[in-house]
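In what follows, a structure is listed as structure tokens, so that the remarks can point back to it.
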Amino acid sequence: MTLAHPIVTEKAMFILENVNQLSFLVEKEARKEDIKAAVEKTFGKKIAAINTMMTTKGTKKAIITFEEKNAAEEILSQLGIV
């Protein structure tokens, strides 16, 4: 599975509420195309942009921006986090 789990920190919640973005930990080998396909297939929401980065702990993090307003909040509520 490309997506490991969503990141739920204060900063992640801030960008969720203000910018409609979600942060996910993903596999190191995952490309942006793989991440986009996995999110769209799993949650059925269209993605506007994906930014990826390696963390200092050696894991890969993806910040996903959605086209639809409040899509990020809907996804976290589907997962039972918000």
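These numbers come from a predicted model, not from an experiment.
- With N20 contributing its side chain and A72 its backbone, the two residues share a donor-acceptor pair below 3.5 Å.
- Side-chain polar atoms of E27 and T2 form no donor-acceptor pair below 3.5 angstrom.
- Cluster membership for F14 and I7, using ILVMFWY side-chain heavy atoms within less than 4.5 angstrom, is not shared.
- Here the side chains of Q21 and I64 are not in contact, with every heavy-atom distance at 4.5 Å or above.
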Please report the C-alpha distance between F24 and I35 in whole Å, then the side-chain angles of each, then the deciding distance to 0.1 Å, and finally whether the side-chain contact (heavy atoms from CB on, under 4.5 Å) criterion is met. CA-CA 10 Å; F24 273 91; I35 297 166; over 6 Å; no
Stepwise, does the side-chain contact (heavy atoms from CB on, under 4.5 Å) test hold for L22 with L76? CA-CA 9 Å; L22 273 183; L76 282 187; 3.6 Å; yes
In sequence, state the C-alpha distance, the side-chain angles, and the governing distance for I63 and I15, and then conclude on side-chain contact (heavy atoms from CB on, under 4.5 Å). CA-CA 10 Å; I63 299 176; I15 66 171; 4.1 Å; yes
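- In the hydrophobic clustering of ILVMFWY residues, with side-chain heavy atoms under 4.5 Å counting as a link, L16 and V19 come out apart.
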Which is it for H5 and L79 under the side-chain contact (heavy atoms from CB on, under 4.5 Å) test, yes or no, and what are the steps along the way? CA-CA 10 Å; H5 58 83; L79 294 173; over 6 Å; no
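- Remark: T65 OG1 to K46 NZ distance equals 16.0 Å, nearest 0.5 Å.
- Taking CD from E73 and CD1 from I81, the interatomic distance works out to 13.0 Å, rounded to the nearest 0.5 Å.
- Using a distance-only test at 3.5 Å, with no hydrogens or angles considered, a donor-acceptor pair links the side chain of K28 to the main chain of G58.
- You'll find the side chain of I47 stays beyond 4.5 Å of the side chain of E67, heavy atoms only.
- Side-chain atoms of D34 never come within 3.5 Å of backbone atoms of A30 as a donor-acceptor pair (strictly under, hydrogens ignored).
- Panel note: side chain T59, backbone T55; no donor-acceptor pair is recorded below 3.5 Å.
- Considering every non-hydrogen atom in both F43 and Q78, the closest pair reads CD2-OE1, 3.6 Å.
- Salt bridge K45/E74: present, at least one basic N to carboxylate O contact under 4.0 Å.
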